[in-house]
Amino acid sequence: MSLGLTNSLVQMPTARQLLNLMLRDLRSGRSVLGLLPEGVDSSLLRSALWDGLEHLHLHIEEIAISDLDAQIPIAALGQAMGVDWGAPTTARTVGNLLKQADWLEILFLEGFNELTEESRVQWLQLMERWARECQGGDYADASPPALCLLAEASKIPYSLPAANVLLSIHVWRGIPTTAEMRLLCQLAGEQDTTPLSCWKEHTIPSLAGSDLELVDYLWAEEYCDGRELAGVLQIFAERRGWNQDELEAWSAHRLPQDATTWLDDWPLSPRLYRAWARGIVHWTPEHGLERHSAVLAMLDQQEALDHRLWRGQAEFLLAQIDQIRLGLCAHLNETYGPAWPYKWQKPETDIECQEVRETPFACQWGHLKFLLQNCSELHRERRWSSLVQYSWHIRTKLAHYRPISLQEYEKFYRERMLSHRNGPLTAW
């Protein structure tokens, strides 16, 4: 089942910011090289760029460089554009090509990823020469066109083309953020309000980082706990073509100590660059630089995988559970007065006793559960006992940094729904 997240991705702030920067550069005549890690569909970015350029009324030409005859890139480009070089002895150089009239404003170079390694290097070198020539040449009649190339970073040598005045390099990183990923999941699954959908909606963004393919994959798969999740993720890693030797060679299991600031230190080290390009590591502003969850599964790091499952659950469940606690406290306060937490049975500790005397809303789950189970004066409120019992159970596990299973969440979900039959709790 595909969620169709890519349709909404380009509307997210981080993606929109990158698009606007690329559009700004292209509009000003700068050539653009966009680097994307594996797992990101370059056609999505290309389509959004194309729409933006057309909206700016810029003239665009698409050239499928993978379909050009095997020859040096500048000659192939001239052939694709129907350039008349004049004399056969005219040197096939960027300068001579740019002297030709009737150039468009943007040249999209397509098919880069399908080229041989040697050809890819030649086209990258062409982009560097192109930018230098455009900067130093005299083109009074018309500005030379800007080149736009979107490429898989794993197809680009570590020694990237050097950015200059008329060549900018843009990197797809931290897109989308975890918060944006959660919003994308909510938008895609807004018609599905089952417990399973709610559980995945909040746990998958914590597991997937910025990998949209993994979101789609996990949404379609079945897993109930961390162990089952690890097996599902190992299959995903195999589909990506990752293997143990590759992970060891790139030291994916040892991230740098300053991983959270890596965006300020571009370009990355060779190993980290290759790991990022392959999708083995990713970065989000919420969690910094992390190994892909499927890599954790391959390296049998179950504790780290459970932590990611836990942090997604804790973010939305702890707030729900505390809202239930506050609602129950408000209900008991209105029915029995503010002394109910200590009038019939005091809390176990002096600290909590003092806190509930100051405000009944300080009553915690342990004492609340004890009162409903043992205080005869509150026998009418025992209709809430099951909800309290299971809320306390979930809260205790999460408070001790242990993720819950899907079955546990489904039971909690049912208890919440059943509690509405017992009368509404005071809204908080």
Side-chain angles (χ1 to χ4, degrees), residues 178-179 182 195 198-199 202-203 206 225-226 260 286-288 303-304 306-428:
T178 302
R182 185 176 301 109
C198 294
W199 192 68
H202 289 87
T203 57
S206 177
D225 53 32
T260 56
E286 293 91 343
H287 305 301
E303 293 80 7
D306 286 343
H307 170 74
R308 294 191 185 178
L309 194 59
W310 166 84
R311 74 187 181 191
Q313 295 172 348
E315 187 171 356
F316 83 105
L317 273 178
L318 287 178
Q320 288 185 12
I321 290 172
D322 200 50
Q323 187 177 38
I324 293 172
R325 183 187 67 83
L326 291 171
L328 284 166
C329 288
H331 167 72
L332 295 174
N333 197 52
E334 292 177 359
T335 307
Y336 302 97
W340 64 266
Y342 58 86
K343 180 163 57 175
W344 302 294
Q345 180 69 45
K346 295 179 181 179
E348 291 186 355
T349 67
D350 292 338
I351 293 178
E352 188 177 355
C353 188
Q354 178 62 32
E355 290 175 345
V356 296
R357 286 181 180 276
E358 293 175 0
T359 171
F361 294 98
C363 186
Q364 298 303 308
W365 280 110
H367 187 55
L368 186 59
K369 181 169 72 76
F370 176 84
L371 288 176
L372 293 185
Q373 291 177 345
N374 300 282
C375 185
S376 59
E377 288 81 2
L378 295 176
H379 69 277
R380 290 187 303 170
E381 310 304 335
R382 288 176 185 168
R383 63 186 187 277
W384 307 111
S385 292
S386 184
L387 174 64
V388 169
Q389 174 67 31
Y390 219 74
S391 296
W392 171 82
H393 168 76
I394 297 294
R395 187 263 180 196
T396 300
K397 288 196 70 172
L398 294 177
H400 288 84
Y401 310 107
R402 291 181 293 159
I404 65 171
S405 67
L406 174 59
Q407 289 87 348
E408 288 175 307
Y409 174 68
E410 287 176 332
K411 185 172 181 180
F412 169 72
Y413 185 94
R414 287 194 299 270
E415 291 295 340
R416 286 189 64 198
M417 295 299 102
L418 288 172
S419 69
H420 293 306
R421 300 179 184 177
N422 296 324
L425 289 173
T426 301
W428 186 264

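Keep in mind it's a predicted model, so treat the numbers as computed, not measured. Note that the numbering runs from 1 along the sequence shown for the chain.
Two residues are said to be in side-chain contact when any heavy atoms from C-beta on lie closer than 4.5 Å; Glu303 and Asp306 fail this criterion. Side chains of Trp392 and Leu368 form no contact here, defined as non-hydrogen atoms less than 4.5 Å apart. Residues His287 and Arg311 are in side-chain contact: their nearest non-hydrogen atoms beyond the backbone lie under 4.5 Å apart. Under the 4.5 Å side-chain criterion, counting only non-hydrogen atoms from C-beta, Leu371 is not in contact with Leu332. Counting only heavy atoms from C-beta outward, the side chains of Trp365 and Leu328 approach each other to under 4.5 Å. Arg382 places a side-chain heavy atom less than 4.5 Å from the side chain of His379. Taking 4.5 Å as the limit, some side-chain heavy atom of Phe412 sits within range of a side-chain heavy atom of Gln320.
Thr396 OG1 to Lys369 NZ: the interatomic distance, rounded to the nearest 0.5 Å, is 8.0 Å. Between His331 atom NE2 and Tyr336 atom OH the span is 6.0 Å, to the nearest 0.5 Å. Going from atom OH of Tyr342 over to atom CD of Gln354 covers 10.0 Å, rounded to the nearest 0.5 Å. Glu348 CD to Phe370 CZ: the interatomic distance, rounded to the nearest 0.5 Å, is 8.0 Å.
Here the closest heavy-atom approach between residue Leu309 and residue Asp225 is recorded as CD2-C, 4.2 Å. Nearest approach of Trp384 to Leu372, heavy atoms of both residues: CB-CD1, 4.2 Å. Residue Ile324 comes nearest to Ser391 through the heavy atom pair CD1-OG, 3.9 Å, listed as atom of the first residue, atom of the second, then distance. Summarising the geometry of Cys363 relative to Arg325, their closest heavy-atom pair is O-NH1, 2.8 Å, with the distance given to 0.1 Å. Scanning all heavy atoms of the two residues, the minimum distance from Pro338 to Pro341 falls at O-CD, 3.4 Å.
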What's the verdict on side-chain contact (heavy atoms from CB on, under 4.5 Å) for Trp340 and Cys329, showing C-alpha distance, side-chain angles and the deciding distance? CA-CA 9 Å; Trp340 64 266; Cys329 288; 4.0 Å; yes

Please assess Ser376 against Trp344 for the test side-chain contact (heavy atoms from CB on, under 4.5 Å), listing each intermediate value before the final yes or no. CA-CA 9 Å; Ser376 59; Trp344 302 294; over 6 Å; no

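Ring-plane geometry between Phe316 and His202 is classed as parallel, the angle between the planes falling under 30 degrees on a 0 to 90 degree scale with a further cut at 60. Ring geometry for His393 against Tyr390 counts as tilted: the plane angle lies between 30° and 60°, on a 0 to 90° scale.
Heavy atoms from other residues, nucleotides or ligands lying under 6.0 Å from NZ of Lys343 number more than 12. In the displayed structure, Arg308 atom CZ is contacted under 6.0 Å by more than 12 heavy atoms of other residues, nucleotides or ligands. Heavy atoms from other residues, nucleotides or ligands lying under 6.0 Å from CG of Asn374 number more than 12.
Of the possible polar contacts, none joining the His307 side chain to the Tyr401 backbone as a donor-acceptor pair under 3.5 Å is found. Between the side chain of Glu352 and the main chain of Pro347, no donor-acceptor pair closer than 3.5 Å is present.
Evaluation of the side-chain hydrogen bond (donor to acceptor under 3.5 Å, both in side chains) rule for Gln373 yields Gln389 as partners, not counting sequence neighbours.
By the 4.0 Å N-to-carboxylate-O rule, Arg383 lies close enough to Glu381 to be salt-bridged with it. The pair Arg182-Glu315 counts as a salt bridge, with a side-chain nitrogen and a carboxylate oxygen less than 4.0 angstrom apart.
Identified under the salt bridge (Lys or Arg N to Asp or Glu O under 4.0 Å) test for residues 396-417, with sequence neighbours left out: Lys397-Glu408.
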